[in-house]
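Take a look at the structure set out below.
What you are looking at is a predicted structure, and each value in this text was computed from that prediction instead of being measured. Below, chains carry the letters A, B, ... as their sequence lines are ordered, and counting in each starts from 1.
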Amino acid sequence: MEKEIENNCGISPNNKELVDIASDPNFVFENDPSYNAITLFDLEGNVVNVNSWVECAHYVNGGWSNVSTVSIDGNRLIFFGLILCTLLYVGIKKIYLSYGK
Amino acid sequence: MENKEKIIKPSLLILLLIAIIFSPFVIRNGGDGIAPKTIDDSSIGYYQSTTCNLSLIEVMLKNLNNKNKLYINNNDYVGIECFGKVTGLDKVNDTFFLSIGTNSTLSFIIQSSIWLILLFIFSKKREDKIKISSAPIFIVPFIFTFQVVAESRFYENSNIYFSDVISISNFYLLNYFIAYLLISILLKDIYESRNVNIIYLLPFLYLFNGTFLGMNLNIYLLFFSFFGIQSIFMKKTNKKFDVAYILFSGIWIINKNATLNFFDGDKLRGFINSSNSLYSTIFWIIVFYLVTTGIIFLISEIKEEIDIKKLKDSFLIAGTAITSVGIIGSMFPLVNFFNFIIFGQNKRGMKNLLSVDGNTWRGFAPSAEFIGEFYAICILFTFYYFLQYFKQIKVGDVLMVLFCAFGLYKTNNFAAILSLILFSLSLVIYNKYKFSLTRKNLILTIAVFLILFISLLQLGDYEANSSLLIEEGILHSELYLYSDNYINYLKKDKFFSERDFNSLLIDEGNDTRASTSLLLLVDLYTTDNNIPLLPNIVATISAISLLINRTELWGIFIAKYSPSLTEATFGYGPFQLSNYLFDHNVRLDVPGSKYGSLFLPHSSVLDSIIFFGFLGVIGFILYCVRNVYIGNYSRNIFSYLFLFLILNILKSDSMLYIPTFTMFVILFYKTFLDDRIKNSE
């Protein structure tokens with residue numbers, strides 16, 4: 001798991017330890033201004049932005065990762081949507097023009 | 001029947017527009033049992049783990065009476081499944097930052113749709129039938145899809161779907177290609193069926209900034225490039241300009257020293273080169289040419305006379321709208337968020353009505369100076385209209401002028417206010433005495449101004465002020481290498497009282513670390529070959545910089561700008577700031593909180609020198625001066641506005657924003673090219 005955390009979140013700054021947050025809903029992660037925010041994903045494609053190494057490590061511990069497994073579908077969806085829009089526009093324009101004549 | 005159609009068609013389009021803008025932020029997957037909560041300390045964990053489920057609007061409805069400070073952030077990186085949904089919540093100091101998914105590919109499609117529909121609605125039906133070339137439809141997608149690859153460092157951080165692999169199965173690139181193709185088809189159809197008059201649309205460029213979310217692209221680049229290609233196919237480009245530009249382009253490409261530097265664009269996003277690679281340089285070389293020729297093509301195609309009243313209305317409506325959306329956006333976080341999407345701002349609007357650095361309030365715009373100049377032009381143009389048609393001024397006009405005046409006052413742009421007063425006075429004098437601007441009068445006016453100006457310089461301590469600019473340049477340079485910057489300061493200061501800059505540069509090998517521009521200025525300042533009776537050029541610029549409060553910023557420019565001889569002569573290429581920003585090491589003498597800020601040159605002339613070198617800038621100035629001297633220029637309100645704009649951008653970076661750039665090209669055309677084209681016809 002340590003390797004996984006390092007791959008996703010980078011090396012722990014100042015050898016920070018991963019604190020045991022468990023499932024405390026009132027826990028508030030402190031922002032680390034020197035840490036570049038990272039976006040993590042879960043298997044369902046949910047997204048979370050983490051702003052500190054501790055926060056990132058906590059999520060990776062819970063099964064989140066910086067690689068999304070669902071992103072390809074979105075790309076394809078946009079692709080077919082655009083093709084449909086283009087064909088629809090060209091088709092409607094043709095009908096409109098022939099109607100006008 | 002026809003009138004009915006005139007009302008129904010735009011109404012349907014407006015409904016479609018509202019649906020396009022808001023539906024992604026309302027719709028959500030129901031039946032999952034997830035409900036929005038009040039935003040406070042206790043719900044941070046909930047919103048951080050419940051991502052991509054709750055829509056923005058339902059969260060906002062739940063928090064209608066929430067008194068906590070809220071700011072809505074756009075998260076362009078996430079996939080389309082999170083579009084319009086909450087992707088996280090954080091608390092910084094006392095403000096809650098709610099992140100909303102705004103995938104940049106989908107945002108690009110939505111924003112393009114909004115602006116193309118608006119262009120259709122606000123342009124009248126063409127009476128004459130025209131047919132333009134279809135070639136740009138196929139060329140535009142190649143050029144702009146190439147940008148994604150050329151500026152990959154920018155795009156890889158802004159979209160989860162990013163991939164720059166040239167492959168038929170790369171849907172990310174294919175999506176952009178098809179979107180550009182569709183936009184080009186629509187542009188052609190709109191232009192052929194509607195009367196697109198760039199002059200009346202110009203003020204609205206300041207309202208609809210047109211920058212796409214998470215992209216280094218602006219809709220106007222696409223729009224003007226489309227017509228730039230059109231201009232090439234219709235053989236309407238200027239041959240002399242083409243030859244000179246090809247020569248410059250060749251030098252930029254051959255001389256290119258690619259580095260891994262990356263500039264995120266900040267408030268210039270959409271109209272600046274983010275990378276320092278050969279490909280990105282080629283892209284911006286092509287785009288600059290197409291945009292410039294595209295603007296000139298569009299304006300040269302306008303056959304009708306310009307209706308001054310209509311243009312005045314455009315200026316006032318745009319100015320009033322900018323002030324209004326700026327105020328409303330600073331009061332309501334939701335409006336602030338939607339302003340960013342709908343108007344395509346380069347930078348989010350202000351969060352409140354409080355003024356910041358230098359007592360300025362930029363409101364809706366990316367820069368206070370930039371928008372201050374626009375407000376001043378709105379008022380000046382209305383004043384001109386008022387002088388011409390006194391009886392037609394209405395209460396509505398006065399109210400709108402007040403909005404613009406309030407905006408101008410809030411920007412605290414002293415130069416714009418002062419030049420507005422001076423230009424308005426000269427309009428009154430011109431109107432009363434019908435002062436004719438002959439060559440003799442022009443020389444006389446310039447001479448009077450010069451005498452007044454030199455007298456003004458003498459009022460201050462010219463001797464002391466003459467070296468301030470060099471001293472500022474030295475202060476911001478990394479000359480001495482002591483870790484404590486205060487020691488560096490004391491070391492430098494020791495030479496300032498004697499103005500012994502040459503000794504300072506020799507000391508501890510400082511000359512090897514100084515920028516080439518600093519070395520040149522010290523050389524020019526300490527030369528023994530001054531022309532008798534004429535003030536030293538560096539000393540004069542230094543005294544002027546103090547008068548217009550530019551000493552520190554131009555000092556930073558001198559410390560940073562370190563080109564080679566070729567780079568100084570020809571520049572780094574259009575919109576290439578990376579070399580200026582990152583090539584030369586400096587140690588800025590500014591407060592720690594400002595150290596990471598973006599320090600632009602604060603003069604469009606200096607910006608132009610970075611891009612096109614001294615040869616490009618001097619060539620342009622000589623072209624203008626020659627035409628003025630031989631009387632080959634228009635004597636109308638547009639040349640007057642051109643002069644006003646030039647005076648203002650001498651001390652601002654406004655040319656780095658596409659609205660002012662477009663205005664500059666249009667006014668240049670109206671001043672120097674318009675009459676000639678008409679005569680040749």
Side-chain angles (χ1 to χ4, degrees), chain A residues 21-42 44-52 55-56 58-59 62-64 66-94 96-97 100, chain B residues 37 40-53 73 75-83 85-93 97 99 101 103-106 108-109 113 157 159-163 169-186 189 193:
Chain A
I21 298 151
S23 53
D24 179 7
N26 295 321
F27 188 88
V28 179
F29 290 104
E30 262 184 37
N31 269 6
D32 180 0
S34 63
Y35 189 82
N36 281 337
I38 288 176
T39 306
L40 297 175
F41 310 90
D42 68 0
E44 293 166 18
N46 293 318
V47 182
V48 66
N49 292 309
V50 290
N51 297 301
S52 70
E55 190 181 4
C56 178
H58 171 71
Y59 275 93
W64 293 65
N66 61 6
V67 180
S68 170
T69 51
V70 292
S71 54
I72 286 297
D73 291 334
N75 241 347
R76 285 194 180 177
L77 207 64
I78 295 173
F79 176 76
F80 291 117
L82 277 170
I83 293 281
L84 190 71
C85 284
T86 312
L87 292 176
L88 265 175
Y89 177 75
V90 174
I92 290 170
K93 190 180 144 192
K94 215 164 184 181
Y96 183 80
L97 284 178
Chain B
K37 287 187 175 183
D40 54 26
D41 288 331
S42 67
S43 60
I44 292 176
Y46 175 76
Y47 279 111
Q48 282 186 342
S49 54
T50 315
T51 53
C52 302
N53 282 300
N73 256 333
N75 184 348
D76 309 325
Y77 188 81
V78 293
I80 60 164
E81 63 277 9
C82 300
F83 200 95
K85 313 280 194 309
V86 176
T87 61
L89 179 70
D90 284 300
K91 191 182 179 188
V92 178
N93 299 325
F97 285 81
S99 284
N103 175 269
S104 47
T105 314
L106 199 52
F108 170 69
I109 295 164
S113 311
N157 295 319
N159 199 326
I160 191 173
Y161 302 134
F162 174 83
S163 168
S169 59
N170 184 345
F171 286 100
Y172 174 74
L173 287 184
L174 278 176
N175 284 342
Y176 279 114
F177 189 88
I178 296 166
Y180 291 134
L181 190 79
L182 186 55
I183 291 170
S184 305
I185 293 171
L186 289 167
D189 288 350
S193 62

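For N49(A), the side chain to side chain contact (heavy atoms under 4.5 Å, CB included) partners at least two apart in sequence or on another chain are T39(A), N75(B), T87(B), S99(B). Applying the side chain to side chain contact (heavy atoms under 4.5 Å, CB included) criterion to F177(B), with sequence neighbours excluded, gives P141(B), F142(B), T145(B). Every residue was checked against the side chain to side chain donor-acceptor pair (under 3.5 Å) condition with S184(B), not counting sequence neighbours, and none meets it.
Proximity to chain B is limited to the side chain of E55(A), based on heavy atoms less than 4.5 angstrom apart. Of the two parts of D90(B), only the side chain, counted from C-beta on, holds a non-hydrogen atom closer than 4.5 Å to a non-hydrogen atom of chain A. Only the side chain of Y77(B) comes within less than 4.5 Å of a heavy atom in chain A; its backbone stays farther off.
With no hydrogens or angles considered, no side-chain donor-acceptor pair links N103(B) and E81(B) at under 3.5 Å. No hydrogens or angles considered: nothing links the side chains of N159(B) and D76(B) as a donor-acceptor pair under 3.5 Å.
Using a 4.5 Å cut-off between non-hydrogen atoms, the part of residues 87-94 of chain A that approaches chain B consists of Y89(A), K93(A).
Comparing V78(B), L186(B), L181(B), D189(B) by how many heavy-atom pairs each has under 4.5 Å with chain A, the most go to D189(B).
Classified by interplanar angle (parallel below 30°, tilted 30° to 60°, perpendicular above 60°), the ring pair Y59(A)/F29(A) is tilted.
At least one side-chain heavy atom of F97(B) sits less than 4.5 Å from a side-chain heavy atom of V92(B).
The ring of F108(B) has its center closer than 6.0 angstrom to the ring center of Y180(B).
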